[in-house]
Trainee: 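Here it is, the structure, as structure tokens.
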Amino acid sequence: MKILVTGGTGYIGSHTAVELQKEGFGVLVIDNLCNSEKHVIDSIGEITGQKPLFEQIDLRDPEATMEVFSKHNDISGVIHFAALKAVGESVEKPLEYYHNNLFSMINLLKAMRETGISNLVFSSSCTVYGQPDQLPVNEKAPRKDAESPYGNTKKISEDIIEDTVRTTGMKAIALRYFNPIGAHGSALIGELPVGTPNNLVPYITQTAAGIRDHLRVFGNDYDTPDGTPIRDYIHVADLARAHVIAMNRMLRNQNKDRYEIFNLGTGNGFTVLEVIKSFEKVSGIKLNHKIVQRRPGDVEKVWADTTHANEELGWKAEKGLDEMMLSAWNWEKSLQAQKNKKS
Ligand code: NAD
Ligand code: UD1
């Protein structure tokens with residue numbers, strides 16, 4: 001069976017393409033390469049022994065999107081990762097974010113409707129919960145007003161999917177990711193942050209690699225054990241595995257509703273200082289860091305209630321924080337080795 005993976009040369013999409021191929025699925029990747037590189041297709045091939053099919057198209061273009069569906073008429077399901085995802089940039093460029101993320105979503109759903117493809121897995125985010133009133137947060141918790149246009153595109157996309165499912169024969173699963181980190185064990189694929197990273201873990205590994213002088217820890221006056229914010233970090237390989245399970249659930253008609261939502265996290269929260277400590281332990285490097293002011297828009301603490309995913313999907317995150325940090329560090333070292341080879 002062939003699965004279309006949009007954004008499949010990106011961070012989470014590439015890991016999911018690997019897991020899909022490991023489970024025997026054929027994979028067709030579409031990506032416009034605005035935040036990834038084509039050689040990722042070769043790396044996926046190196047890991048799995050099979051290169052996925054690749055079409056370089058922009059999902060904002062309805063004709064190009066439809067053409068892919070007409071050309072590949074044996075697609076059984078779609079996993080939709082393609083989106084712009086930089087929170088800060090979305091505040092500066094709201095129209096670009098709404099245009100890219102929502103047009104892509106709409107064009108994809110139209111092409112699926114027209115070609116009768118009924119199974120969709122969508123990348124959502126725990127950002128839809130804002131600061132939850134109760135922790136751990138489960139899927140029934142109310143969604144809060146989005147802190148950014150990026151977050152709003154996730155909320156609106158969930159609504160678009162729910163409305164579409166209601167009026168077509170389509171089925172969909174929205175997966176709300178907590179904080180994906182780490183890289184594939186081979187260190188052949190991982191996150192490729194463009195410019196200065198906004199997220200904690202790439203900033204840590206770049207600091208340790210000497211690219212950044214020091215990590216700024218955004219605030220230590222939160223109501224948490226050491227004063228720094230708490231997040232639920234999840235290994236990207238665990239996350240990727242959940243997508244294959246979600247797709248199989250729909251292909252085997254095991255879904256309980258035509259539209260379902262699952263949290264994907266470990267269920268454990270760690271503070272920023274605990275993440276740094278774990279990195280120092282696995283790398284043997286003392287990380288230069290300074291406490292600075294809070295970052296506007298940051299929530300204090302959030303971690304997932306994963307009961308629904310554990311019970312319904314039979315999925316549980318397996319990898320712990322140390323393993324996540326070690327894989328992130330190995331990936332950073334492999335990136336630096338590649339750069340040194342080129343220069
Ligand atoms: P990524 O940027 O590495 O991958 C996204 C891919 O989509 C990129 O390869 C990019 O080139 C492609 N793309 C973007 N717009 C496109 C378009 N119009 N047409 C075709 N391709 C396009 O991001 P990621 O971290 O792998 O995230 C994947 C998905 O998961 C995104 O939807 C993101 O919002 C969501 N998500 C990510 C995180 C995270 O922390 N990484 C957390 C929650 C949700
Ligand atoms: C951010 C986004 C979220 C998005 C997610 C994945 C915000 C407010 N939220 O989540 O919508 O889904 O990325 O892309 O931007 N930290 C530091 N120093 C740093 C970087 C981060 O101390 O240089 C801290 C932050 O304060 C936070 C934690 O590390 O407490 C994790 O930050 P980050 O990796 O950016 O993820 P989130 O803010 O949780």
Side-chain angles (χ1 to χ4, degrees), residues 5-16 29-38 40 55-61 64-65 79-91 96-97 99-105 107-108 122-130 146-148 150-151 153-154 157 175-181 189-194 196-204 206-207 212 214-220 222 224 228-234 236 239-240 243 264 269-273 275-276 289-302:
V5 180
T6 79
T9 42
Y11 174 43
I12 306 170
S14 57
H15 288 80
T16 302
V29 166
I30 57 180
D31 204 297
N32 66 357
L33 303 179
C34 70
N35 196 36
S36 57
E37 292 172 12
K38 195 175 166 211
V40 171
E55 300 273 4
Q56 183 174 347
I57 63 135
D58 193 320
L59 282 164
R60 285 171 300 184
D61 179 343
T65 305
I79 307 185
H80 181 43
F81 294 102
L84 297 176
K85 62 160 184 178
V87 178
E89 187 184 60
S90 79
V91 177
E96 277 78 356
Y97 272 68
H99 184 191
N100 191 75
N101 295 0
L102 299 182
F103 262 49
S104 297
M105 181 82 254
N107 289 336
L108 188 69
F122 172 64
S123 302
S124 191
S125 167
C126 71
T127 193
V128 300
Y129 297 121
E147 287 280 352
S148 67
Y150 164 76
T153 68
K154 291 294 165 196
S157 292
L175 299 176
R176 291 181 179 158
Y177 313 156
F178 282 65
N179 286 54
I181 60 168
I189 53 172
E191 193 171 6
L192 280 175
V194 178
T196 311
N198 295 308
N199 294 119
L200 177 64
V201 174
Y203 211 104
I204 289 179
Q206 289 198 5
T207 304
R212 316 274 156 212
H214 66 276
L215 171 80
R216 290 170 303 159
V217 174
F218 297 132
N220 66 349
Y222 287 96
T224 63
T228 62
I230 296 177
R231 296 289 183 273
D232 185 340
Y233 297 92
I234 173 165
V236 66
L239 196 70
H243 290 73
L264 295 183
F270 290 98
T271 66
V272 175
L273 294 181
V275 173
I276 295 173
H289 63 278
K290 292 183 184 133
I291 309 288
V292 301
Q293 279 194 338
R294 290 182 177 200
R295 179 171 68 177
D298 269 348
V299 302
E300 182 168 83
K301 44 190 161 188
V302 61

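One-based numbering, in listed order, for ligands and for the atoms of each. What's counted below: heavy atoms across the whole structure, side chains too, no hydrogens, waters or symmetry copies. Quick caveat, the model's predicted, so the values are computed rather than measured.
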Trainee: What is the distance from atom CZ of F122 to atom CD1 of I79, rounded to the nearest 0.5 Å?
Mentor: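 So the CZ of F122 and the CD1 of I79 are separated by 13.0 Å.
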Trainee: Tell me which one of V201, N32, N101, L175 gets a heavy atom nearest to atom 17 (C) of ligand 1.
Mentor: N32
Trainee: Name the closest protein heavy atom to atom 38 (C) of ligand 1, giving the residue it belongs to and the distance to 0.1 Å.
Mentor: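 Answer, as residue, atom name and distance: P180 CG, 4.0 Å.
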Trainee: Which heavy atom of A82 sits nearest a heavy atom of G7, and at what distance?
Mentor: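 Taking every non-hydrogen atom into account, CB-N, 3.7 Å.
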Trainee: Is the closest heavy atom of N199 to ligand 1 under 4.0 Å?
Mentor: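 Flag not set, N199 not near ligand 1.
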Trainee: Identify, by atom number and element, the atoms of ligand 1 in contact range of S123, meaning under 4.0 Å from any of its heavy atoms.
Mentor: 29 (C), 30 (O), 32 (O), 35 (C)
Trainee: Using a 3.5 Å distance criterion without hydrogens, assess whether the side chain of T9 forms a donor-acceptor pair with backbone atoms of V40.
Mentor: no
Trainee: Please compare Y150, F103, F81, Y11 and report which has the shortest non-hydrogen distance to atom 36 (N) of ligand 1.
Mentor: Y150
Trainee: Give the atoms of ligand 1, by number and element, whose distance to some non-hydrogen atom of D58 is under 4.0 Å.
Mentor: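 Those atoms are 17 (C), 18 (N), 19 (N).
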Trainee: Do you know which two heavy atoms are closest between V201 and I181, and how far apart they sit?
Mentor: CG2-CG2, 3.5 Å
Trainee: Among all protein heavy atoms, pick out the one at the shortest distance from atom 15 (N) of ligand 1; state its residue, atom name and that distance to 0.1 Å.
Mentor: N100 ND2, 3.1 Å
Trainee: Nearest 0.5 Å, please: how far is NE2 in H289 from OG1 in T228?
Mentor: 9.0 Å
Trainee: Could you list which atoms of ligand 1 come closer than 4.0 Å to a heavy atom of I57?
Mentor: 19 (N), 20 (C)
Trainee: Can you tell me how far CD of E37 sits from CG of D31, rounded to the nearest 0.5 angstrom?
Mentor: 11.0 Å
Trainee: Can you list the atoms of ligand 1 that are under 4.0 Å from a heavy atom of G7?
Mentor: 6 (C), 7 (O)
Trainee: Please state which option from E55, K85, E37 has its nearest heavy atom closest to atom 25 (O) of ligand 1.
Mentor: K85
Trainee: Using 30° and 60° as the class limits, which term best fits the ring planes of F81 and Y177: parallel, tilted or perpendicular?
Mentor: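 F81 and Y177: tilted rings.
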Trainee: Consider ligand 1: state whether an atom of it lies below 4.0 angstrom from any non-hydrogen atom of E191.
Mentor: no
Trainee: Quick check on contacts: which atoms of ligand 1 are under 4.0 angstrom from a heavy atom of C34?
Mentor: 10 (C), 11 (O), 13 (N), 14 (C), 15 (N)
Trainee: Measuring only between side-chain heavy atoms, which start at C-beta, is E89 closer than 4.5 Å to Y150?
Mentor: no
Trainee: How about F218: does its CZ atom have over 12 heavy atoms from other parts shown lying under 6.0 Å from it?
Mentor: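 Count over threshold, so yes.
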Trainee: Check each protein residue for a heavy atom under 4.0 Å from ligand 2 and list those that pass, ordered by chain and number.
Mentor: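 Lining ligand 2: V87, S125, T127, Y150, N179, N198, N199, L200, L215, R216, V217, F218, P229, R231, Y233, V272, R295, G297, D298.
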Trainee: How far is atom 19 (N) of ligand 1 from its nearest protein heavy atom, and which residue and atom is that?
Mentor: L59 N, 3.0 Å
Trainee: Closer than 3.5 angstrom, by distance alone: can the side chain of Y97 be matched with the main-chain N or O of G151 as a donor-acceptor pair?
Mentor: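 Here the side-chain-to-backbone pair does not exist.
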Trainee: Mind running side chain to side chain contact (heavy atoms under 4.5 Å, CB included) on V29 and E55 for me, showing each step along the way?
Mentor: CA-CA 6 Å; V29 166; E55 300 273 4; over 6 Å; no
Trainee: Between the side chain of N101 and the main-chain N/O of L84, is any donor-acceptor distance below 3.5 Å?
Mentor: yes
Trainee: Please list the nearest protein heavy atom to atom 8 (C) of ligand 1 with its residue and the distance rounded to 0.1 Å.
Mentor: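 Checked against all protein heavy atoms, atom 8 (C) of ligand 1 sits closest to D31 OD2, 3.5 Å.
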Trainee: Can you tell me how far the CE atom of M105 sits from the NE2 atom of H80, to the nearest 0.5 Å?
Mentor: 4.5 Å
Trainee: If you take all heavy atoms of S125 and K154, which pair is closest and at what distance?
Mentor: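 Shortest heavy-atom separation between S125 and K154 comes out as CB-CG, 4.3 Å.
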Trainee: So if I count the atoms of ligand 1 from 1 in the order they appear, which ones are less than 4.0 Å from some heavy atom of S124?
Mentor: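 Counting from 1, the qualifying ligand atoms are 43 (C), 44 (C).
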Trainee: For atom 4 (O) of ligand 1, what's the nearest protein heavy atom and its distance?
Mentor: G10 CA, 3.5 Å
Trainee: Under a 4.0 angstrom heavy-atom cut-off, which atoms of ligand 1 come close to S104?
Mentor: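 Ligand 1 atoms under the 4.0 Å threshold to S104: 18 (N).
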Trainee: Among all protein heavy atoms, pick out the one at the shortest distance from atom 5 (C) of ligand 1; state its residue, atom name and that distance to 0.1 Å.
Mentor: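 Scanning the protein heavy atoms, the shortest distance from atom 5 (C) of ligand 1 goes to A83 O, 3.9 Å.
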Trainee: Decide yes or no for L215 and I204: does some side-chain heavy atom of the first lie under 4.5 Å from some side-chain heavy atom of the second?
Mentor: yes
Trainee: Say you draw a straight line from CG of L264 to CD1 of I12; how long is it, rounded to the nearest 0.5 Å?
Mentor: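 These two atoms lie 9.5 Å from each other.
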Trainee: Is a side-chain donor or acceptor of S14 paired with a backbone partner of Y11 at a separation under 3.5 angstrom?
Mentor: yes
Trainee: Please write down residue, atom name and distance for the protein heavy atom closest to atom 37 (C) of ligand 1.
Mentor: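 Among all protein heavy atoms, the one nearest atom 37 (C) of ligand 1 is I12 CD1, 3.8 Å.
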Trainee: Starting from atom 7 (O) of ligand 1, locate the nearest protein heavy atom and write down its residue, its atom name and how far away it is, to 0.1 Å.
Mentor: A82 CA, 3.3 Å
Trainee: Provide the number and element of each atom of ligand 1 under 4.0 Å from a heavy atom of L33.
Mentor: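 Answer for ligand 1: 11 (O).
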Trainee: Hey, does H80 come in under 3.5 Å of ligand 1, counting only N/O atoms on both sides?
Mentor: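 No: no nitrogen or oxygen of H80 is under 3.5 Å from one in ligand 1.
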